[in-house]
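A quick write-up on the structure given underneath.
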Protein chains: 2
Amino acid sequence: MGVTKSQIFDKEQNELAQLFKVLGHPARIAILQYISTQNACICNDIVEEIGLAQATVSQHLKELKSLGLLQGEIEGKKMCYCINLEVWNDIQLRLNSFFITTKTNCC
Amino acid sequence: MGVTKSQIFDKEQNELAQLFKVLGHPARIAILQYISTQNACICNDIVEEIGLAQATVSQHLKELKSLGLLQGEIEGKKMCYCINLEVWNDIQLRLNSFFITTKTNCC
DNA sequence: AATTAATATCGTAATATTGCGATATTAAGA
DNA sequence: TCTTAATATCGCAATATTACGATATTAATT
């Protein structure tokens with residue numbers, strides 16, 4: 001037990017859930033919001049801003065990267081992260097389309 | 001360890017994350033989609049449709065109810081669930097506004 | 001009153017997530 | 001070359017989530 005039974009759901013359902021899931025942590029919301037406040041890209045300031053250990057922040061960044069939502073660019077020994085706007089818009093559209101499609105008449 | 005450190009994030013970040021989190025499971029996506037295909041409200045058909053144990057489905061329904069997303073109406077010994085359209089639209093707007101606000105110029 | 005059907009809740013096992021210290025790794029700078 | 005700074009990854013502990021059987025609960029039906 002304890003495993004999500006992905007097999008019994010279809011691709012769309014699993015993908016949608018995965019998108020929502022990655023966005024379902026306040027640290028990851030905070031990271032995205034913080035990056036968006038900076039005109040230029042960010043690096044280790046994220047760690048200081050967020051207030052979690054460096055290892056933890058790195059892990060959250062990894063999950064955001066897994067959606068393609070963040071791009072990282074190496075600048076010497078620093079990493080510069082930014083939001084991939086194309087993916088961002090894609091995801092927004094996808095979630096919206098879920099919301100629109102799933103509207104229903106109530107009781 | 002293992003506890004999400006909600007204290008270090010603000011109300012908005014925690015609430016947004018919570019919304020995303022509840023939607024971040026394929027069974028809950030499937031439940032919402034299934035309810036939306038029925039004109040009238042649904043009951044225990046959900047259990048049969050989803051293919052998870054009754055107890056598990058009931059738990060997922062509870063989480064959706066925790067957002068106010070589902071309304072349950074008692075009809076004899078059956079429960080009739082439907083999507084609360086007002087809350088549905090609210091959440092859609094809220095997530096959209098997050099997506100719009102968090103747009104940013106990239107690297 | 002007893003039975004049955006529909007649902008919720010409890011308890012628990014399996015697994016996943018969160019968070020962090022310790023440890024790589026890599027590149028700039030002394 | 002040695003040091004330092006920035007980041008990623010590993011390993012683990014604490015907690016949360018997922019799933020389900022068993023057991024309530026409640027209302028219709030017999």
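Just so it is clear, the structure is predicted and the values come from calculations on it, not from any experiment. All chains are named by letter (A, B, ...) in the order of the sequence lines, taking the proteins before the strands, and each is independently numbered beginning at 1.
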Exercise. Nearest whole angstrom, please: distance from the P of C:dT18 to the CD1 of A:Ile31.
Key: 11 Å
Quiz item: Are any of B:Thr56's side-chain N or O atoms less than 4.0 Å away from OP1 or OP2 of D:dC20?
Solution: yes
Quiz item: Within this structure, what is the CD1-to-P distance between B:Ile74 and C:dA8, rounded to whole angstrom?
Solution: 9 Å
Practice problem: Look at all strands and tell whether A:Glu48 reaches a base, only sugar-phosphate, or nothing, counting heavy atoms closer than 4.0 Å. | Solution: nothing
Quiz item: At under 4.0 Å between heavy atoms, what does A:Thr4 touch on the DNA or RNA strands: base, sugar-phosphate, or nothing?
Solution: sugar-phosphate
Quiz prompt | Counterpart residues, side chain to side chain contact (heavy atoms under 4.5 Å, CB included), relative to A:Gln92 (two or more places apart) | solution = A:Asn89, A:Asn96, B:Asn96, B:Phe99, B:Ile100, B:Lys103
Exercise. May I ask you to say what B:Ala53 touches in the nucleic acid, namely base, sugar-phosphate or nothing, with a heavy-atom cut-off under 4.0 Å?
Key: sugar-phosphate
Quiz item: Can you find a donor-acceptor N/O pair under 3.5 angstrom joining the side chain of B:Gln59 to the base of C:dC10?
Solution: no
Quiz prompt | C:dT17 phosphate, OP1 or OP2, under 4.0 Å from A:His60 side-chain N/O | solution = no
Quiz item: Has B:Lys21 got a side-chain N or O lying under 4.0 Å from the OP1 or OP2 atom of C:dT17?
Solution: no
Quiz prompt | Comparing A:Glu63 and A:Ala55 on DNA chain C - which has the more 5′ nearest nucleotide | solution = A:Glu63
Could you run down the sub-3.5 Å N/O contacts of the protein with nucleotides 2-6 of chain D?
| unit_1 | atom_1 | unit_2 | atom_2 | d |
| --- | --- | --- | --- | --- |
| D:dA5 | O4' | A:Lys77 | NZ | 3.3 |
| D:dA6 | O4' | A:Lys77 | O | 3.4 |
| D:dA6 | O3' | A:Lys77 | O | 3.4 |

Quiz item: Between B:Leu61 (CG) and D:dT18 (C1'), how many Å, whole number?
Solution: 14 Å
Self-check item: Nearest-angstrom distance from the residue atom NE2 of A:His25 to P of D:dT15
Solution: 15 Å
Exercise. With DNA chain D as reference, determine whether A:Lys5 or A:Lys62 sits nearer its 5' end, using the nearest nucleotide of each.
Key: A:Lys62
Self-check item: Lys/Arg N to Asp/Glu carboxylate O, A:Lys21 vs A:Glu63, below 4.0 Å
Solution: no
Self-check item: Residues in side chain to side chain contact (heavy atoms under 4.5 Å, CB included) contact with B:Gln59, at least two apart in sequence or another chain
Solution: none
Self-check item: Nearest-angstrom distance from the residue atom CG of A:Leu64 to P of C:dT18
Solution: 11 Å
Practice problem: Describe, in one word, how the ring planes of A:Phe98 and A:Phe20 are oriented to each other, choosing from parallel (under 30°), tilted (30 to 60°) and perpendicular (over 60°). | Solution: perpendicular
Quiz item: Taking atom C1' of C:dA16 as reference, at what distance in whole Å does atom CG of A:Asn14 sit?
Solution: 16 Å
Quiz item: Of B:Gln71, B:Glu73, B:Gln38, B:Lys65, which is the lone residue that meets side chain to side chain donor-acceptor pair (under 3.5 Å) with B:Tyr81?
Solution: B:Lys65
Quiz item: Looking for any heavy atom pair under 4.0 Å, which part of the strands does B:Ser58 touch: base, sugar-phosphate only, or nothing?
Solution: base
Quiz item: Considering all heavy atoms of both residues, which atom of A:Leu16 and which atom of A:Leu95 are nearest to each other, and what is their separation?
Solution: CD2-CD2, 3.7 Å
Quiz item: Rounded to whole angstroms, how far apart are CD on A:Gln18 and C1' on D:dT18?
Solution: 15 Å
Quiz item: Given that A:Lys65 and A:Ser6 both sit by DNA chain D, which one's nearest nucleotide is further toward the 5' end?
Solution: A:Lys65
Self-check item: Contact check, side chains of B:Gln18 and B:Gln13, non-hydrogen atoms, under 4.5 Å
Solution: no
Quiz item: Which one of A:Leu32, A:Leu70, A:Leu93 satisfies the side chain to side chain contact (heavy atoms under 4.5 Å, CB included) criterion with A:Trp88?
Solution: A:Leu32
Quiz item: If each of A:Leu52 and B:Gln54 is mapped to the nucleotide of DNA chain C with the nearest heavy atom, which maps nearer the 5' terminus, i.e. the 5' end?
Solution: B:Gln54
